[in-house]
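A quick note: this is a predicted structure, and the numbers were derived from the prediction, not measured.
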Amino acid sequence: MAVSRIVIENCAIATVDAHDTEYASGHVVIADNRIESVGAGAAPAHLDGVVRRIDGTGHLATPGLVNTHHHFYQWITRGLAQDCNLFNWLVTLYPTWARIDEQMVHAAAQGSLAMMARGGVTTAMDHHYVFPRGAGDLSGTIVRAAADMGVRFTLARGSMDRGESDGGLPPDFAVETLDGALAATEETIDRHHDASFDAMTQIAVAPCSPFSVSTELMRQGAELARRKGVRLHTHGSETVEEEKFCHELFGMGPTDYFESTGWLGEDVWMAHCVHMTDSDIASFARTKTGVAHCPSSNARLAAGIARVPDMLAAGVPVGLGVDGTASNESGELHTELRNALLINRLGGHRERALNARQALRLGTHGGAQVLGRADQIGSLEAGKLADLVLWKLDGIGHASIADPVAALVFGAAAPVTLSLVNGRPVVEAGRLTTVDEDAIARSTRDEARRLARIVAAAG
């Protein structure tokens, strides 16, 4: 069968490979869904099967961005509980989230995915943990939305079984039973998980957090994930209130609690990890437990500044996360490159906390490592999957910055001229190619209003 090739030339390239190789002017050749070659200067002459040749003058090519933590359903509850910390924000919004249904979740997933894809995300992730009774096939509709968008996707099938009556935060009618959550999670793995090299959909086991999940669900969830050969994800050490909660309920801090339930390991990644001691970081480094760093959400909820420079120095795998758009209303990962760099410089390491290339690595290779896919995506190297973004840097927002990586990270949000996922365009000239953006905007607005009416009627 003939190979179809796309050739991109004359662009700056940041490969984010192990040596941070960069080219001031280079080429990328894509053969079907794989990167065939990357290098300086023009592409090899006389290539067969070239179906498209792109002049990348004025652009920077990077690996596609990889999002490691999100809650898609929150797209239709943006702008609420604006001045709350995490616990008060959750208590305020759980009664609203507990009334979502399949139609709402599909629209919210489309909105979340569209915003990320337009901003250079080629691998998305959703941690969905709210499953109201009778709400429909929520996991299935999220997977379908990602497939329609054409992005690579990990669904972390979440769960909660600790309601208010058991000392948890969510209302009782918003949680599942232990057996029900485990059975539904296994069914989702069986229906949707693809373990192949070029998989477009993968599933992780993802009980929500220590304050909404029983110890037994944590333990049995870990056992289920390892029996099925999938990854594990949850929230960890996000706030000082969570630290206090864990000590009161379990007699130990979050990291020790996670280790006691089987939740540290190279197949695990945690969201946030803001309040980590030296001992916690050492435990994560020893076990290669990953971290999804969500700087914008952490700031929105006044959670604090994660010790990302210390984690990286210790060898902890770290990627970036959007987090749910009820705590990061912009909903895009590109801004997290900039915010990760800036917010971490407010910490103890100051100007040496992170640099532009470290920020780009967090959003690309770091995310791929956290999702267990670093051999497939996250850098521009021959043999890897063709997930690539071409950023336009010759416009007014960036043209006077000589360093293209600095322009991308320090500068305004750069326009995306082209985004390829598996060798197929999902963005062209800043617009999505696979879905109708305007129709998605209308449906998300309508579903947000419908949810608000339902909540108001319930009193």
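Taking all atoms of both residues into account, the shortest heavy-atom contact from R219 to S260 is NE-O, 4.0 Å. Closest approach of W75 and G331 over heavy atoms only: CZ3-CA, 4.2 Å. For W97 against A326, the heavy-atom pair with the smallest separation is CZ2-CB, 4.2 Å. In terms of heavy atoms, P254 sits closest to E243 at CD-OE1, 3.2 Å.
The line from OG1 of T141 to CE of M104 is 12.5 Å long, rounded to the nearest 0.5 Å. Taken to the nearest 0.5 Å, the CG atom of L418 stands 8.5 Å off from the NE2 atom of H59. A distance of 10.5 Å separates CG in N339 from NE2 in H334, rounded to the nearest 0.5 Å. Atoms CG and OG1, from D256 and T277 in turn, are 8.0 Å apart once rounded to the nearest 0.5 Å. To the nearest 0.5 Å, atom CZ of residue F153 and atom CD1 of residue I142 are 6.0 Å apart. Residue L182 holds its CG atom at 13.0 Å from CD of E187, rounded to the nearest 0.5 Å.
When each of Q358, R357, R361 is tested with D20 by the rule side chain to side chain donor-acceptor pair (under 3.5 Å), just one qualifies, namely R361.
For the pair W269 and L371, the minimum side-chain heavy-atom distance is below 4.5 Å. For the pair Q202/V230, no side-chain contact is recorded, criterion being any heavy-atom separation below 4.5 Å from C-beta on. Residues I189 and V205 are in side-chain contact: their nearest non-hydrogen atoms beyond the backbone lie under 4.5 Å apart. By the 4.5 Å heavy-atom criterion applied to side chains, M125 and V370 are not counted as neighbours. Taking the side chain as every heavy atom from C-beta outward, N298 and I305 never approach each other to under 4.5 Å. You'll find the side chain of H293 reaches within 4.5 Å of the side chain of N344, heavy atoms only. Residues S37 and H27 form a side-chain contact, since some pair of their non-hydrogen atoms from C-beta on lies under 4.5 Å apart. For the pair M311/F284, no side-chain contact is recorded, criterion being any heavy-atom separation below 4.5 Å from C-beta on.
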Stepwise side-chain contact (heavy atoms from CB on, under 4.5 Å) test for M276 and T255: CA-CA 8 Å; M276 299 275 281; T255 298; 4.1 Å; yes

Verdict with reasoning, K228 to E186, per salt bridge (charged side-chain N to carboxylate O under 4.0 Å, His left out): CA-CA 8 Å; K228 303 297 285 189; E186 184 163 8; 3.6 Å; yes

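Aromatic ring pairs are classed by plane angle as parallel below 30°, tilted from 30° to 60° and perpendicular above 60°; the pair H71 and Y73 is tilted.
Judged by distance alone, with hydrogens and angles left aside, the side-chain atoms of R78 form no donor-acceptor pair with the main-chain N or O of S330 at under 3.5 Å. Without hydrogens or angle criteria, S237 side chain to C273 main chain gives no donor-acceptor distance under 3.5 Å. A donor-acceptor contact shorter than 3.5 Å is absent between the side chain of H349 and the backbone of P309.
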Show me the side-chain donor-acceptor pairs of residues 376-389 shorter than 3.5 Å, one per line, residues at least two apart or across chains.
{"residue": "Q376", "atom": "OE1", "partner": "R373", "partner atom": "NE", "Å": "2.6"}
{"residue": "Q376", "atom": "OE1", "partner": "R373", "partner atom": "NH2", "Å": "2.8"}
{"residue": "S379", "atom": "OG", "partner": "E381", "partner atom": "OE2", "Å": "2.5"}
{"residue": "S379", "atom": "OG", "partner": "K384", "partner atom": "NZ", "Å": "2.7"}
{"residue": "K384", "atom": "NZ", "partner": "A374", "partner atom": "O", "Å": "2.7"}
{"residue": "K384", "atom": "NZ", "partner": "I377", "partner atom": "O", "Å": "3.4"}
{"residue": "D387", "atom": "OD1", "partner": "R152", "partner atom": "NH2", "Å": "2.9"}
{"residue": "D387", "atom": "OD1", "partner": "N422", "partner atom": "N", "Å": "2.8"}
{"residue": "D387", "atom": "OD2", "partner": "R152", "partner atom": "NE", "Å": "2.8"}
{"residue": "D387", "atom": "OD2", "partner": "R152", "partner atom": "NH2", "Å": "3.3"}

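With hydrogens and angles left out, the side-chain atoms of S139 and H192 include no donor and acceptor closer than 3.5 Å. Defined by atom type and a distance below 3.5 Å, a donor-acceptor pair is present between the side-chain atoms of T215 and Y257. Using a 3.5 Å distance cut-off with no hydrogens or angles, the side chains of S196 and D194 do pair a donor with an acceptor. For H70 and N328, the side-chain atoms include no donor-acceptor pair closer than 3.5 Å.
Under a 4.0 Å N-O distance rule, the pair E102/R144 qualifies as a salt bridge. A salt bridge is defined here as a Lys NZ or Arg NE, NH1 or NH2 lying under 4.0 Å from an Asp or Glu carboxylate O, and D137 with R191 meets this definition.
Partners of H365 by ring pair (Phe, Tyr, Trp, His ring centres under 6.0 Å), not counting sequence neighbours: none found. When the ring pair (Phe, Tyr, Trp, His ring centres under 6.0 Å) test is applied to F211, the partners found at least two apart in sequence or on another chain are F87.
W391 and H398 have their aromatic ring centers separated by at least 6.0 angstrom.
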